Amino acid sequence: MGNLLRGTAIAGVVLLLAGTAHFGPSYPVSDAASVGGGTSVFAQARNDGGPPDLPRATVDIPDIAIAGRTIHVPADGNLQAALDDAASGDAITLAPGATYRGPFHLRRKDGDRWIVIASASKDLPRPGRLVSPSDAPKMPKLVASSGSVFQAEPGAHHYRFVGLEIAPADGVSLNTLVQLGDEARAIEALPHHIIVDRCYVHGDAVVGARRGISLNSAHTAVVDSYFSDFKERTADAQAIAGWNGPGPFRIAGNYLEASGENIMFGGGDPTIPGLVPADIEVVRNHMAKPLRWKKDDPSFGGVEWAVKNLFELKNARRVLVDGNLFEFNWPHAQNGFAILFTVRNQDGGAPWSVVEDVTFTNNLVRHVAAGINILGRDDNHPSEQTRRIAIRNNVFLDVGGPWGNGRLFQLLEGTSGVAIEHNTAFQTGSILFGGDRTPHTGFAFRDNVVPHNEYGITASGTGPGNPTLERFFPGAVFRGNLIVGAKAAVYPPGNAFPVSMEEIGAPARPGATIAPLLSLRGPYSRAATDGGQPGANIEAVNTALGPLASRIGS
């Protein structure tokens, strides 16, 4: 199939690549208690401007080492008894193909060595490789008819799931399959040091399930796992959601499918006062809605599940979203934006809610109704201001058209410090909508390649271009962009306005890949503010996508 994106590096673009440890600048940390011997879970918010902080901590995923006993539970054995008996450093192995009926409880144990719960199969994909439903025969199946399949008791820690199929019993829709700390009211009650590794986690094929994992925990990772059939008709469903855990979190190398939000942080008021999920890495994941959920698609399965978006932050701090594929999103229970950075004090009891220090880099977003929606303040309840968001070096393809309105970016209710830089987009609607009430401060739109279409940069009550920038983006940095089809007279100087995509060396519609967009022609190849090529560094995107680049065809 070859690489999804091909191209040459662009000089002068500094990019974050998936798969490395990231630590932001040092800032003061509060005196709140720590979890599991780690750093404080309540880091103070920054009040200055500047670029977003990266995650200050990352979740370590060590090699599997069994320091204690290996406890094998046969197909007719008692898994809960084995969990109760296991000590720090023990491994529990389960029979491939056998079904174990829960719910199962993860107890708090002494010691800081991992308790590993794993398939006894020797044929699972090796660490770092994504599992799929085809691997299910190699896995034990853990199910429940009520409650959750796994529920962590207060303070449970150092559990690692490897090669498990986790699902509701047939015909049952559970609320949450793996529940971690949903109602904890104190830091010491939080589960911590939990790893879900190469597992197949899914709802019922017919009736679905509401949520795969609730990441209301600390030091938690979900890696190389396959999540599917999380779907509801009248409520939100998520593959992964967290609202009452401080982090750090690492979500890497997974396939994630859900009707509501494939991943969401926030969406419910934390029961721990002052808590903001933080230090979150979301790297090299594939997030999608199956087309069998789309009413007008030939593969439609007959049920309209409540489709919303692919990724949403409502209360989160220091988030890195890098090297992911986001695809297939359309208007249904929401307006069709694929990515939302929309601060919400969800139920009115968490006025500290904030979305800040978000780095969205090296991602491919395609086959969606609209791109990214950012909300400056909650317009229902008091909240903090959304601030320091970097959207850099991403590719947006097939935005709009048959999928929806085609708006690329939308900023509402007075954001601060949003920078949109070095992106390449092919959308059918406007480039940017600036809202209808509150201006945005510290805004930058720089070195992007975008078609203008009918309205370009606009807002309620203002004309395209300069009138909108002056009213809703005062003092904005707006230069180095190629705005194809725009009139130069209505935009600031320092940008270029080619007549067509063909003029700059790009196809009018590139389809699902941008392989034809290898380099821009003539003076356009040096039109960026750094003297290089505007738009995305295709080589960096391809590198960040990693295995996704060769796994996904056009």
Side-chain angles (χ1 to χ4, degrees), residues 29-43 57-62 64 66-69 71 79-92 102-118 142 144 147-162 164 166 175-197 199 211-222 240-251 265 268-280:
V29 174
S30 74
D31 295 328
S34 64
V35 174
T39 57
S40 172
V41 299
F42 292 123
T58 190
V59 179
D60 182 38
I61 304 175
I64 297 173
I66 308 305
R69 302 169 297 164
I71 305 167
L79 174 55
Q80 186 62 60
L83 288 166
D84 293 345
D85 182 52
S88 176
D90 288 350
I92 299 171
F104 302 105
H105 296 270
L106 304 177
R107 313 294 190 191
R108 181 171 183 167
K109 309 275 185 173
D110 293 332
D112 59 1
R113 292 177 173 177
W114 293 94
I115 296 175
V116 178
I117 307 160
L142 289 77
S148 299
V149 179
F150 283 105
Q151 181 167 351
E153 294 191 343
H157 61 92
H158 284 90
Y159 284 93
R160 182 167 182 168
F161 305 148
V162 181
L164 309 180
I166 303 172
N175 183 284
T176 304
L177 273 59
V178 179
Q179 187 180 115
L180 306 176
D182 292 12
E183 298 179 0
R185 296 184 176 275
I187 291 300
E188 58 270 17
L190 286 169
H192 59 91
H193 291 87
I194 310 289
I195 298 176
V196 178
D197 178 5
C199 291
R211 186 174 301 115
I213 298 179
S214 60
L215 285 186
N216 296 317
S217 54
H219 297 275
T220 302
V222 182
I240 298 174
W243 60 95
N244 196 42
F249 301 111
R250 182 169 176 84
I251 304 170
F265 284 94
D269 289 356
T271 52
I272 298 175
L275 188 142
V276 177
D279 300 317
I280 302 166

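Since the structure is predicted, the reported quantities are computational estimates derived from the model, not experimental observations. Computation of the quantities below employed the complete heavy-atom set of this structure, encompassing side-chain atoms and omitting hydrogens, waters and symmetry-equivalent molecules.
- Side chain of Ser214 to main chain of Leu180: a donor-acceptor pair is present (N/O by atom type, distance under 3.5 Å, no hydrogens or angles).
- Residues Asp85 and Arg69 are paired through a salt bridge, judged by an N-O separation under 4.0 Å between the basic side chain and the carboxylate.
- Nearest approach of Arg160 to Asp197, heavy atoms of both residues: NH2-OD2, 2.9 Å.
- Contacts of Phe150 classified as ring pair (Phe, Tyr, Trp, His ring centres under 6.0 Å), with partners at least two apart in sequence or in another chain: Phe104, Phe161.
- The nearest pair of heavy atoms linking Asn216 to Pro191 is O-CD, 3.7 Å.
- In this structure, the side chain of Thr271 engages the main chain of Ala184 through a donor-acceptor pair within 3.5 Å.
- Expressed to the nearest 0.5 Å, how far CG of Asp90 lies from CD1 of Ile71 amounts to 4.5 Å.
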Pairs of donor and acceptor atoms involving the side chains of residues 109-116, under 3.5 Å and at least two apart or interchain, shall be tabulated with distances.
| residue | atom | partner | partner atom | Å |
| --- | --- | --- | --- | --- |
| Lys109 | NZ | Leu83 | O | 2.9 |
| Lys109 | NZ | Asp84 | O | 2.6 |
| Lys109 | NZ | Ala86 | O | 2.8 |

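- Between Arg108 and Glu153 there is no salt bridge, since none of the side-chain N atoms of the basic residue sits less than 4.0 Å from a carboxylate O of the acidic one.
- A donor-acceptor pair under 3.5 Å is formed between the side chain of Ser148 and the backbone N or O of Thr176.
- In this structure, His192 has its ring center under 6.0 Å from that of His157.
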What verdict does the side chain to side chain contact (heavy atoms under 4.5 Å, CB included) test give for His158 and His219, after you've listed the backbone C-alpha separation in whole Å, the side-chain angles of each residue and the deciding distance to 0.1 Å? CA-CA 9 Å; His158 284 90; His219 297 275; over 6 Å; no
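- Minimum heavy-atom separation, Asp182 to Asn244: O-ND2, 3.6 Å.
- Leu106 CG to Ile117 CD1: the interatomic distance, rounded to the nearest 0.5 Å, is 5.5 Å.
- Residues Leu190 and Pro246 have side chains in contact (heavy-atom distance under 4.5 Å, counting atoms from C-beta outward).
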